[in-house]
Every structure is written in structure tokens, then in C-alpha cells.
Engineer: 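Dropping a structure here in C-alpha cells format, bear with me for questions.
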Amino acid sequence: MGKITGFLEFDRKVEAYAPVEERVQHFKEFSLRLPEKEIKDQGARCMDCGIPFCHSGCPLGNLIPDFNDAVYKGKWNKAADILHATNNFPEFTGRLCPAPCEEACVLGINEDPVTIENIEKMIAETAFEKGWIKPEPPKTRTGKKVAVVGSGPAGLAAAQQLNRAGHLVTVFERDEKAGGLLRYGIPDFKMEKHIIDRRLNVLEAEGIEFKCGVNVGIDVKGEELQNDFDAIVLCGGATIHRNLPIEGADLKGVVQAMDFLPQNNRRVDGTTTFENELLATGKDVVVIGGGDTGSDCIGTSFRHGAKSVSNFEIMPMATAERPEDQPWPFWPMRLRTSSSHKEGAERFFSISTKRFEGDKDGNLTGLVTSEVEWIKEPGKSMVLKEVEGTEKEWKCDLALLALGFTGSEMTIAEQLGLEADGRTNIKATEKDYMTNVPGVFAAGDQRRGQSLIVWAISEGRQAAYHVDTYLMGASELPLKGEGDLPRV
Ligand SMILES: Cc1cc2nc3c(=O)[nH]c(=O)nc-3n(C[C@H](O)[C@H](O)[C@H](O)COP(=O)(O)OP(=O)(O)OC[C@H]3O[C@@H](n4cnc5c(N)ncnc54)[C@H](O)[C@@H]3O)c2cc1C
Ligand code: SF4
């Protein structure tokens, strides 16, 4: 522990944001880095707890007190080593993670928790700026070949770990560029895409082969993969979005978030023409769905120059404080207000969309909602009930559906004869991440359902350990909780 009285001397500080009127003019990141002195003070707030609950809150088991201490002492290189021992891509999580570690931080019981996420980002950025993140190709090769399907955070983490173990790794990605939802879901204003390219350059230099524009199951069949590779890791994500099957859902102007957001990311990347341009410019936009995806639609709409943006959430409004029945150190379901919400969106809770309305040409002109309440009877699950007399009409010419994801696509799973659960998540337990077919593994959202980047990286790492064990009989790759091993 660097400074015994650190948490008494310094208040929590987090990165500030550029003013709204300035940041909505562009798609670049807009958080303002804390000066080095201030981030060191934040590291000094860490109490180096005997039982660091931040560890258990982090799906990667990041060694948080250790890197906090190194940062406080200005030992940035050591901090980068500690961080990379458990996390392949701290520059992604340092920007995008909802930071379950901070909710679990012991200081959070009666004070503001340690600013772990900002510290993580600063370590990662310093390491890149100083040139400490270098390709680390394996010294020897095993001669085994592994196919990774999908290049989101799960696929990239699995690929890097397996390559470090000496296997020849090929990543298949159907999009034109690698990155998964990091590239074609999450908007640039949350993470600019050169951050992904910078890391991909390192992975390529380490010897990983990327085959983009290849749709596995269509362009390359499952059997071909089985013939050509010694193991397969499926990291295809949870790509099936939920629909809203109500009257008017086929009107022009009712758009899935996962059509709207990827198109915008491609536009920012330089693709200038689309068959069907999806723009919020000058429109009254309603974003249906109150999660991360909905929030990203709000920020994107403001940057297009929307006339108004409203956000509907079917669940009641949570409290900003931790609810009593979700005590520390658990992840609380509390009201989260993103930077996009703060850009001027009006939020409505306990509201359900009943139908869309359009003109004679099939264009969306409005929608009708009613208020709802959630009734809980003892021993039964919650039931949704419409509140009579609360019907309301809204003017709307773009409705963005951000209703979550129901599971993964089954083409490759069917070709390989894989079992899946009722939500089409591929069955593979955390015991070894192997499916019912020997040599075929699954990780990330395709296994656990729609989740978080930090979980995807964690699953990719864990799966890699088990693939390596399957191929070689044993593995020296670190498992979660063994992150104090030196970098492999
Ligand atoms: C809009 C949005 C915003 C989000 N924001 C956040 C956030 O701020 N923080 C956070 O922690 N999480 C966020 N998430 C969730 C997070 O992005 C995912 O949990 C994470 O990306 C899952 O990683 P993955 O590697 O399992 O899958 P993905 O990132 O979905 O990657 C899967 C990849 O597999 C490819 N693929 C699928 N099938 C095939 C095939 N047959 N052949 C070849 N390639 C294939 C896909 O094209 C894709 O590139 C967000 C999700 C969305 C949709
Ligand atoms: S729980 Fe908080 S204060 Fe304790 S070691 Fe972890 S980051 Fe530091």
C-alpha cells in the first residue's frame, strides 16, 4: 500500500467530459484525461484491503491493489505488467467497462470507491505511448492449428492466449474488419477505432492470421474447419436481436438499433454511401430500450442532429442509490445515466409501446404508448399490467429498437452438431468451455448470452487455457485467479 492515509486525504476524481454542445459536433472520444499527479492521487486512495473485494467484482480477477500501488509510486511499467497479466486489452475495458470492480470496492461501503477504471485506462495508454506494448511472438511453435470464429473481445483474447502458447491461430471474421461489437456496435465517441487497430497490429505481428470477410458456415463449412484445424473456438457473439411485433412495426422509420449503429460506425470509418441511409437528422427520435445499446442510439442521434430524442424503458425507474436488497459488494440494479443521456434525451420509465402509426406512403409518423406497472404476487414472477386510461400519442419519425438480444446464430452450430440451450446459447460449461463435440469450444456472448466486454475477454482467456490443455495435455497459460504469473 503506497499511502496509508491516501483515502483520507484525496476525494474520488473521474475524467470529465467535454461540454455537450461541443462534443455532439463530432464522433470522437470526449473524455478529458486526468493529469498524472491526479491519477497517482487516485491510486493512493486504494487501501490495499486484506480481502480485496475489487478482485472478486472483476470478471478478469484483475490485480487491482497491486497496480494501484504501482501507479501511486509512478512505476507505470510495473503497473502495465500487472494489468496485462490478467487482461489482454485494458485499453478497451478502461474505456468501456461498467466497472463492477468499483461497485465491489471496499471503500465504496461508506465512501466513494477507488477510480479503478480511469487508472486502468491511464496505465494502458501510458504503456502504448511509451512503446512498452510490443509484439511477443512465441519462442517455439507446437505445430497445432486453431480456428477462432469471431473477432470480438472473446475471439481476440482467445487468439492471443493460444498464440502465446505456441499454436498457429487463424481468426475468421465475416465483417470487413476485425473487432466485433467493439468496431460495429459501440460508437466511436465511446471508443475510436484506431484503438482497436493499434492492438490488432500487435496481434498480427505476434503471428495471428486474420481472415476477414469470411462467413463461417456459409463461405467455409464446419466440416472444413474440423479437417483443417486441431481445435475450433466459437466466439460469434449473441447477434439475434429482439423484435417488437406490434402494429406498424414494418413502417419506414422503425429501425433496429443494430442496423442503425453499425451503419454509422461504417460511415465514420469512411463508407459514405448506403442503399438505405439511416439518419436521425432533423427527426423526432424515440429510442425504445433503456440499456447500453439504447444509450448509444441516443448519442448517435444527437450527433446526426436529431430534433428531439426520447428514451422509453419498460421497467420502473431505479433509484440512483444502491437498493437495500442489493447490498455491497454485489452489482446493484440502480439508475445509470450515461454521457449520452446527459446530451439532452428525455427518459420515460414504466412505459410500453402499443403500436406505431404511419402515413399513406408507409412512413412512420408517431407511436402510441401506455404506462405499465409490474405486479409481484408471492411465489410468482413479476407480471406486466397496463395502467388503464394512460394511452398517449407521440410524434415520431424515427423509432430505434434497442430491446436486447435473444441468442446466437445456429448455422455453424448445426453443421457441427452442437447442443444449445433454449436461447440458442451454445452449451459449454465453465469447467472446460468444450461443447458436446470434442475439440470444439465456445466463449463470450455466444456461450453466455449478451453480456459485457470484460466477460468476453475473461471467457476467451479461460477457453484458451482449456483448448491448450486439450491439445497438449497440460497448459501453462494463466487461469483466472492466477494472474500473478508472469506474462506468458
Ligand atoms: C451497441 C452495444 C453497445 C455495447 N456497449 C458496451 C459497453 O459499453 N461496455 C461493455 O462492457 N459491453 C458493451 N456491449 C456488450 C459487448 O459489446 C459484448 O458483450 C461483447 O462485444 C461480446 O464479445 P464477443 O467477442 O463474445 O462477441 P462480439 O463482440 O459480438 O463479436 C462476435 C464476432 O463474431 C463474428 N461472427 C459471428 N458469426 C460469424 C460467422 N459465422 N463467421 C465469421 N464471423 C462471425 C461477428 O461478425 C462479430 O464480429 C455493447 C453491446 C452493444 C450491442
Ligand atoms: S477493494 Fe478498493 S480499496 Fe480495497 S484493494 Fe480493491 S480498489 Fe483498493
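Numbering of ligands and ligand atoms starts at 1, following listing order.
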Engineer: Can Glu103 and Trp328 be counted as having a side-chain donor-acceptor contact under 3.5 angstrom?
Structural biologist: no
Engineer: For atom 49 (O) of ligand 1, tell me which residue out of Lys211, His241, Arg174, Glu173 has the closest non-hydrogen atom.
Structural biologist: Glu173
Engineer: Is there a nitrogen or oxygen of Lys190 sitting under 3.5 Å from a nitrogen or oxygen of ligand 1?
Structural biologist: yes
Engineer: Can you find an N or O of Leu96 that's nearer than 3.5 Å to an N or O of ligand 1?
Structural biologist: yes
Engineer: Which of the atoms of ligand 1 are close to Asn215, meaning less than 4.0 Å from one of its heavy atoms?
Structural biologist: 40 (C), 41 (N), 42 (N)
Engineer: What about Val216: any of its N or O atoms under 3.5 Å from an N or O on ligand 1?
Structural biologist: yes
Engineer: Quick check on Gln450 - does any of its heavy atoms sit under 4.0 Å from an atom of ligand 1?
Structural biologist: yes
Engineer: With backbone taken as N, CA, C and O and side chain as the heavy atoms from C-beta onward, which portion of Val214 lies under 4.0 Å from ligand 1: side chain, backbone, both, or neither?
Structural biologist: backbone
Engineer: Under a 4.0 Å heavy-atom limit, does Ile64 contact ligand 2 with its side chain, its backbone, both, or neither?
Structural biologist: side chain
Engineer: Return yes when atom OH of Tyr17 has more than 12 non-hydrogen atoms of other residues, nucleotides or ligands closer than 6.0 Å, and no otherwise.
Structural biologist: no
Engineer: Looking at ligand 1, does any of its N/O atoms fall within less than 3.5 Å of an N/O of Leu182?
Structural biologist: no
Engineer: Among Lys193, Lys190, Arg95, find the residue that satisfies the salt bridge (Lys or Arg N to Asp or Glu O under 4.0 Å) test when tested with Glu29.
Structural biologist: Arg95
Engineer: Under 6.0 Å from the NZ atom of Lys75, do we count more than 12 heavy atoms belonging to anything else shown?
Structural biologist: no
Engineer: Does even one non-hydrogen atom of Ile412 get within less than 4.0 Å of ligand 1?
Structural biologist: no
Engineer: Heavy-atom contact under 4.0 Å between Glu409 and ligand 1?
Structural biologist: no
Engineer: Short N/O distance, under 3.5 Å, between Ala154 and ligand 1?
Structural biologist: yes
Engineer: Run the contact test for Gly217 against ligand 1 with a 4.0 Å cut-off on heavy atoms, strictly below, and give the result.
Structural biologist: no
Engineer: Can you tell me if Leu261 contacts ligand 1 (heavy atom of the residue under 4.0 Å from the ligand)?
Structural biologist: yes
Engineer: Suppose I only count heavy atoms of Leu452 and a 4.0 Å limit; which atoms of ligand 1 are within that range?
Structural biologist: 10 (C), 11 (O), 12 (N), 19 (O)
Engineer: Decide, counting backbone as well as side-chain atoms, whether Cys54 has an N, O or S atom less than 2.8 Å from atom 2 (Fe) of ligand 2.
Structural biologist: no
Engineer: Tell me which one of Thr411, Ile186, Thr93, Val171 gets a heavy atom nearest to atom 50 (C) of ligand 1.
Structural biologist: Ile186
Engineer: Just wondering, is there an N, O or S atom on Cys46 that's nearer than 2.8 Å to atom 8 (Fe) of ligand 2?
Structural biologist: yes
Engineer: Return the orientation label for the Phe441 and Tyr470 ring planes: parallel under 30°, perpendicular over 60°, tilted otherwise.
Structural biologist: perpendicular
Engineer: Quick one: does Ile453 get an N or O within less than 3.5 Å of an N or O on ligand 1?
Structural biologist: yes
